[in-house]
Amino acid sequence: MATASVAFKSREDHRKQMELEEARKAGLAPAEVDEDGKEINPHIPQYMSSAPWYLNAERPSLKHQRKWKSDPNYTKSWYDRGARIYQADNYRKGACENCGAMTHDAKLCIDRPRKVGAKWTGKNIAPDEKIETFELDYDGKRDRWNGYDAACYAYVIERYEARDESRKKYLKEQQLKKLEEKNGNRIGEDGVSDEDDNADDLTVDEAKVEESKQMDFAKVEKRVRTTGGGSTGTVRNLRIREDTAKYLLNLDVNSAHYDPKTRSMRDDPLPDTDSNEKFYAGDNRNRVSGQALEFKQLNIHAWEAFDKGHDVHMQAAPSQAELLHKNYKVNKEKLKSEANDSIMKKYGNAATEEQLPRELLLGQCERAVEYDRGGRIIKGQEQVLPRSKYEEDVHINNHTGVWGSWWKDRQWGYRCCKQIIRNSYCTGAAGIEAAEAAADRTRA
């Protein structure tokens with residue numbers, strides 16, 4: 001029973017209360033109703049239905065089991081990224097000196113630094129950013145997908161659908177091309193045919209392609225038990241009976257090992273024989289020649305691409321892995337050629353007979369600056385060093401140097417007075433002399 005609070009009851013009242021609870025559990029008495037008019041399940045344990053004493057509950061209720069501390073001000077919304085609220089026509093006092101927005105200053109401005117800021121031109125005032133503050137609840141603070149737009153995933157779906165469509169189209173074109181070649185060979189043997197017949201044949205070929213696709217799904221291959229172990233759809237490792245068996249090529253017991261279970265001989269049974277005279281050089285010869293080597297490189301490339309985060313699998317999507325490998329080789333050759341061209345363009349080629357320009361050899365330019373004996377500029381303009389948007393050469397406490405312009409005993413200080421306390425007042429040459437005299441007395 002959902003009691004309001006734990007109060008003292010006599011033995012008779014406690015007995016009546018227990019009888020009433022048993023009757024409610026048996027369905028002989030109506031269930032207890034809370035303050036909202038909802039029935040309370042009589043089978044709820046007392047430790048769950050009893051309200052804590054500090055809630056001062058007057059009537060039976062299960063409100064203390066619900067989320068009664070929820071704050072209506074909590075939200076799970078997110079910032080409106082890139083939103084603008086107002087764009088002024090003229091510069092306002094206190095706005096950013098670079099772009100003219102009121103929501104930040106010049107140090108925090110992320111726009112391109114202008115040659116003349118909006119404070120002085122009064123033109124192209126940037127709009128103010130929308131600044132929001134949220135009071136997130138417990139779930140909102142820990143929601144890793146808060147602010148994610150589910151519509152962004154539509155781009156991923158479109159990309160995969162486009163890839164599947166292009167793959168189907170490519171396979172259909174390849175099958176049609178094979179059928180056209182087959183029909184062309186047949187026409188060349190039978191004679192010249194009409195254009196209408198060719199069109200009809202092409203239509204029939206397209207229908208055959210569609211039928212073959214549908215038949216592949218219902219195709220069931222016979223499972224054959226082989227001596228190599230396991231079941232397979234094809235009978236493998238069978239030799240022509242007229243050929244000499246591998247184990248009969250060399251009867252020496254110390255020659256290449258032959259495995260009768262897999263019918264394989266990895267080493268060369270006749271290593272001293274001329275390669276032009278023997279037709280079998282071991283199974284390992286096939287692994288390092290022909291398309292086997294290319295297939296091995298393709299597998300290695302698929303593994304490395306998967307480790308780097310690409311969604312590629314050699315067994316699940318072999319066509320995709322092969323196409324990716326081909327693109328990789330093309331891009332690799334292209335990058336290598338571009339690197340060679342850029343190096344040749346930048347440093348030149350010593351093998352050619354072209355002479356380097358005079359300006360590049362002597363480091364000359366058309367900008368001329370004339371100085372006097374004192375080092376002052378008489379004619380021309382000295383090259384100006386670029387300045388950052390942060391304050392430079394700002395001296396405090398009467399210092400003539402900046403903090404960090406002096407270093408001694410693994411400590412930074414001021415060069416003007418050689419003090420290592422950052423907020424100290426500059427004492428000048430007198431402070432340096434006093435410090436040196438104190439050091440001499442300490443050493444003495």
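What you see is a predicted model; the values in this text were computed from it and never measured.
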Task: Side chains of Glu35 and Lys63 in contact at under 4.5 Å (non-hydrogen atoms) - done: yes

Task: Arg266/Asp283 salt bridge by N-O under 4.0 Å criterion - done: no

Task: Backbone N/O of Ala101 and side chain of Asp128: donor-acceptor pair under 3.5 Å - done: no

TODO: Please confirm whether the backbone N or O of Gly375 pairs with a side-chain atom of Asp372, one donor and one acceptor, at under 3.5 Å?
DONE: yes

- [ ] Could you grab the distance from atom CD1 of Ile131 to atom OG1 of Thr103, nearest 0.5 Å is fine?
- [x] 5.0 Å

Open item on the list: With a 4.0 Å cut-off on N to O distance, would you call Lys119 and Glu97 a salt bridge?
Closed with: yes

Open item on the list: Please determine whether a side-chain nitrogen of the Lys or Arg among Asp164 and Arg167 lies less than 4.0 Å from a carboxylate oxygen of the Asp or Glu.
Closed with: no

Open item on the list: Tell me if the CZ atom of Arg422 is crowded by more than 12 foreign heavy atoms within 6.0 Å.
Closed with: no

Task: Heavy-atom side-chain contact between Leu270 and Tyr280 under 4.5 Å - done: no

Open item on the list: Run the ring-ring contact (aromatic ring centres under 6.0 Å, His included) test on Phe306 and His313 for me, step by step, so that the C-alpha distance in whole Å, both residues' side-chain angles and the decisive distance to 0.1 Å come before the verdict.
Closed with: CA-CA 7 Å; Phe306 182 78; His313 196 279; 7.0 Å; no

TODO: Say whether, by atom type as modelled, one donor and one acceptor occur between the side chain of Gln87 and the main chain of Ile125 under 3.5 angstrom.
DONE: yes

Open item on the list: Is the shortest side-chain heavy-atom distance between Phe295 and Met314 below 4.5 Å?
Closed with: yes

TODO: Tell me, with the steps shown, if Glu436 and Ile432 meet side chain to side chain contact (heavy atoms under 4.5 Å, CB included).
DONE: CA-CA 6 Å; Glu436 292 177 353; Ile432 297 174; 3.7 Å; yes

Task: Pair Asn340-Ser337, side chain to side chain donor-acceptor pair (under 3.5 Å): steps then yes or no - done: CA-CA 5 Å; Asn340 293 335; Ser337 62; over 6 Å; no

TODO: Supply the atom-to-atom distance Asp311 CG to Leu324 CG, rounded to the nearest 0.5 angstrom.
DONE: 10.5 Å

Open item on the list: Taking Ala151's backbone N and O only, do any of them form a donor-acceptor pair with Asp149's side chain (distance below 3.5 Å, no angle check)?
Closed with: yes

TODO: For atom CZ of Arg142, decide whether the heavy atoms of other residues, nucleotides or ligands shown that lie under 6.0 angstrom number more than 12.
DONE: yes

Task: Partner set under side-chain contact (heavy atoms from CB on, under 4.5 Å) for Gln419, not counting sequence neighbours - done: Cys417, Ser424, Thr427

- [ ] Check the pair Cys99 / His104 against side chain to side chain contact (heavy atoms under 4.5 Å, CB included), numbers first and verdict last.
- [x] CA-CA 10 Å; Cys99 65; His104 61 268; 3.3 Å; yes

Task: Separation between OG of Ser50 and CG of Leu55, rounded to the nearest 0.5 Å - done: 12.0 Å

Open item on the list: When you compare the side chain of Tyr425 with that of Asn398, does any pair of heavy atoms fall below 4.5 Å?
Closed with: yes

Task: Gap between atom CG of Leu249 and atom CG of Asp268 - 0.5 Å precision - done: 9.0 Å

Open item on the list: Is it true that, when you exclude Leu335 itself, more than 12 heavy atoms of the residues, nucleotides or ligands shown sit nearer than 6.0 Å to its CG?
Closed with: yes

Open item on the list: Any heavy-atom pair between the side chains of Pro60 and Asp34 that's under 4.5 Å?
Closed with: no

TODO: Mark yes or no for whether Asn397, through its side chain, and His399, through its backbone, hold a donor-acceptor pair below 3.5 Å.
DONE: no

Task: Minimum side-chain heavy-atom gap Pro269-Ser255 below 4.5 Å - done: no

Open item on the list: Nearest 0.5 angstrom please: Arg92 CZ to Tyr86 OH, how far?
Closed with: 6.0 Å

TODO: Could you list the residues that satisfy ring-ring contact (aromatic ring centres under 6.0 Å, His included) with Trp145, not counting sequence neighbours?
DONE: Tyr148

Open item on the list: For Glu132, I'd like to know if atom CD has over 12 heavy atoms of other residues, nucleotides or ligands within 6.0 Å.
Closed with: yes

TODO: Please work out whether the ring planes of Tyr414 and Trp403 are parallel, tilted or perpendicular, with thresholds of 30° and 60°.
DONE: perpendicular

- [ ] Please indicate whether Tyr371 has more than 12 foreign heavy atoms, meaning atoms of other residues, nucleotides or ligands, lying under 6.0 Å from its OH.
- [x] yes

Task: Heavy atoms of other groups near Arg84 CZ, more than 12 under 6.0 Å - done: yes

Open item on the list: Would you say that more than 12 heavy atoms from the other residues, nucleotides or ligands in this model lie under 6.0 Å from the CD1 of Ile110, or not?
Closed with: no

TODO: State, yes or no, whether a side-chain contact exists between His395 and Val402 at a heavy-atom distance under 4.5 Å.
DONE: yes

- [ ] Kindly compute the distance separating CD (Glu333) from CG (Asn331), expressed to the nearest 0.5 Å.
- [x] 10.5 Å

Task: Residue pair Glu161 / Ile157, side-chain heavy-atom distance below 4.5 Å - done: yes

TODO: Report yes or no: does His257 contribute a side-chain atom to a donor-acceptor pair with the main-chain N or O of Ser264 at less than 3.5 Å?
DONE: no

